[in-house]
Number of protein chains: 2
Amino acid sequence: MKNVRLKDIAKRLDLTKVSVSKALRDHSDISEETKKRVKEMAQKMGYRPNLVARSLTSKKSQTVGVIVPKIAHSFFSSVIEGIYQAALESEYEVILGVSMEDDKLERKHIESMLDMRVEGLLISVSEKTGSVENFDLVKGMDTQLVFFDRGFTGSDYTYLKVEDRGGARKGVRHMTEQGYEKIAHLSGYLSVEIGKDRRLGYEEAMSAAGLEVDRNAIVEAGFSEDDGYKGFAKLMEQYGKPEAVFCATYPVGLGALQYMKDHDMDPAEIAILAFGSSEFNQYLAHPFICIDQSTFEMGYSAFERLIMEIESEDGVPPELISLQTRILNKEDMV
Amino acid sequence: MKNVRLKDIAKRLDLTKVSVSKALRDHSDISEETKKRVKEMAQKMGYRPNLVARSLTSKKSQTVGVIVPKIAHSFFSSVIEGIYQAALESEYEVILGVSMEDDKLERKHIESMLDMRVEGLLISVSEKTGSVENFDLVKGMDTQLVFFDRGFTGSDYTYLKVEDRGGARKGVRHMTEQGYEKIAHLSGYLSVEIGKDRRLGYEEAMSAAGLEVDRNAIVEAGFSEDDGYKGFAKLMEQYGKPEAVFCATYPVGLGALQYMKDHDMDPAEIAILAFGSSEFNQYLAHPFICIDQSTFEMGYSAFERLIMEIESEDGVPPELISLQTRILNKEDMV
DNA sequence: TCGGAAACAGAAAACGTTTGTGGAAAAAAG
DNA sequence: CTTTTTTCCACAAACGTTTTCTGTTTCCGA
């Protein structure tokens, strides 16, 4: 009753394990009659195929690895949900690893996953990962690699990212169209690609609207809540109160909000436009206007793309895929 | 350079694959000298052990499966983070499956995971899973099963849950001690264990404080945001405005809050006590008082426990483990 | 100088599958 | 009837490891 193998079924039916294997997989070698007998016996004996043995012979693990910097963060958990939705519709299992923003740990995960012979890897790189060399290991193996959200533009791998520059432009234009003029910007670190791109989008939209791009209206804050808090403080000091502020990320927006609360400012007076979104947005006393990154779709598409690369016979050239953003206003909050 | 096997290393060094295998694992059969040579060659050739082959012979996959109803939900993503933290400190990889609150899908995941020969399963059951029979499959295999958060009390498996009744009691007592008297309750479904237990705790704390348990002050709402919205509406109708309301879950609290916003009520006038918590709580105009379930710890402990059961030689009796809650006030919000 | 232990390495078998080849009997075609 | 084809199944080998068993040297003490 326990740990039934093909051999055990075979013995009971006076067949060989090979025939049983074939019968279970509906191979044409086997008669309908026999197939039926085999399947019934397998059921009765509680047979469960051993996928690790199968992987060994077939050289296919039907498994992909996913590595993210963190989980308890609405952006990633939503992307992951997209990944899992796509996985569900595929025949692959998913091994998830969390790098906790650490390149050494990221590397460790890659190694284990390669050793497990995953057929593909879906990675959003850690903050600390300096270069694409961290992934050279993959080259020696029959494993496809696809980056999502955070990756390397010039690499040999497909990379799905949001269209930062265009998204920022769209968001800021939305504000100018509403009549806002004194629009400040708490940017991300300019050393990071998305920080730079979002800022470029901001500048472009301001210029396009015929508004001056005031150096003092821009503060290089960072990406976290804490960065937002400090950045907003600096902004108040060097620029004064804006009508609206474009924040590089949702958490940065939260930090700014916190500053206002702590300093008895009325959040109603300053509109916040944030890159990113959160399902909690509607509960804020004054919800942000969000440049939504369609996180779920990113996960879903990234997974689909990876499988495509795995299953393609003769290699797919790597692509840089930019996903469109959309503006979430109060009205169309979920 | 690609797909190097023990045999390949052996050939280059004029050894057998067995010796190479032993050398790499520091077996005492092999001289230090040879070990060094082997390791260097392995490194040079880019050897990566094949864990699926290893699993097959050792009958240990060093892998556990985790099944949760959903991911993009702060409760679960935080528990998962705890699980991953514990996994990191262990030698096991984690395969994650999402049941999307569906028992059929849950079952499908269990089957695949068993077929992959995971050594253990960590499950928070779906809403739809009626009985523990959904897990009978596990019995036939060498796989340990541990429930967390949602599980079955009378089963043959260890179950880690939060101490709902005591937590609710503690929370409500906290309110009565602050002087609140008209405390209403939006409960979860009473058919569900945690719904019933939290309500019992509420009633006990009210009685203990010498306050009347008013039937009209209790509405059986549910667990979601939507349930909270409707439940609060009903409460207003049948009971009127309370001084405080104890919500069965954090989302229920959000629903109630939304109702207030939609009906021009001042959220400041009604304190919300919620079972559960959220990292966004501090950004609400009037943060909830939370009965925190120490989600991270639950994930961490559940994983630890599972590994313990896997590695114990001669079976561990199943346990019902209750985790303590703690009250999060505005002051000690992170 | 002998006996025995320690150090080192190889051979064979096993883990549970799948794939490929071969072959006997039955069925179809001539 | 023979020949050919088809149907059905068995056998052997392979996937990349680890484990157990066996064997050869070397080294040491008596």
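Just so it is clear: chains get the letters A, B, ... in the order the sequence lines come, proteins before strands, and each one is counted from 1.
- Taking the six-membered ring where tryptophan is involved, the planes of Phe296(B) and Tyr300(B) are essentially parallel, since the angle between them stays under 30° and well short of 60°.
- With the nearest nucleotide of DNA chain C identified for both Lys22(B) and Arg117(B), Lys22(B) has the one nearer the 5' end.
- In this structure, the CE atom of Met141(B) is 12 Å from the C1' atom of dG16(C), given to the nearest Å.
- OP1 or OP2 of dC8(C) has not a single side-chain nitrogen or oxygen of Ser19(B) nearer than 4.0 Å.
- Residue contacts shown for Ser58(B) are absent, as no nucleic acid heavy atom lies under 4.0 Å away.
- Checked for salt-bridge contact, Lys139(B) and Asp156(B) meet the test: a charged N lies under 4.0 Å from a carboxylate O.
- Heavy atoms of Ser28(A) sit nowhere under 4.0 angstrom from any nucleic acid atom.
- Distances shorter than 4.0 Å separate none of the side-chain N or O atoms of Thr16(A) from OP1 or OP2 on dC9(D).
- Leu15(B) comes within 4.0 angstrom of sugar-phosphate atoms only, judged by non-hydrogen atoms across all strands, and of no base.
- Residue contacts shown for Ser55(B) are absent, as no nucleic acid heavy atom lies under 4.0 Å away.
- A donor-acceptor contact under 3.5 Å is not formed by the side chain of Lys7(B) with the base of dG10(C).
- Residue-level contact check: Asp8(B) touches neither bases nor backbone, having no heavy atom under 4.0 Å from any strand.
- Using a 4.0 Å cut-off, some side-chain N or O of Arg25(A) falls inside it from OP1 or OP2 of dT18(C).
- Note on Thr57(A): every side-chain N or O is 4.0 Å or more away from OP1 and OP2 of dA14(D).
- Closest to the side chain of Val18(A), from the set dA10(D), dT19(C), dG16(C), is dT19(C).
- Remark: P of dA9(C) and CD of Glu33(B) are 9 Å apart, rounded to the nearest angstrom.
- Comparing Asp29(B) and Lys59(B) against DNA chain C, the residue whose closest nucleotide sits nearer the 5' end is Asp29(B).
- Using modelled atom types, one finds no donor on one side chain facing an acceptor on the other under 3.5 Å when comparing Ser74(A) with Ser77(A).
- For dG16(D), neither phosphate oxygen OP1 nor OP2 lies less than 4.0 angstrom from any side-chain nitrogen or oxygen of Tyr47(B).
- Regarding Leu56(B), its CG atom lies at a distance of 8 Å from the C1' atom of dT17(C), rounded to whole Å.
- Note on Lys108(B) versus Glu111(B): no salt bridge recorded, every NZ/NE/NH1/NH2 to OD/OE distance being 4.0 Å or above.
- For dG10(C), the base has no donor-acceptor partner in the side chain of Lys17(B) [N/O atoms by modelled type, under 3.5 angstrom].
- Nearest to the side-chain atoms of Arg54(B) among the listed nucleotides dG16(D), dC8(D), dT18(D) stands dT18(D).
- Atom-to-atom, CG of Asp14(A) to P of dC9(D) comes out at 12 Å; the value is rounded to the nearest Å.
- Side-chain polar atoms of Glu309(A) and Tyr157(A) form no donor-acceptor pair below 3.5 angstrom.
- Rounded to whole Å, the distance from CG on Leu6(A) to C1' on dT19(C) is 14 Å.
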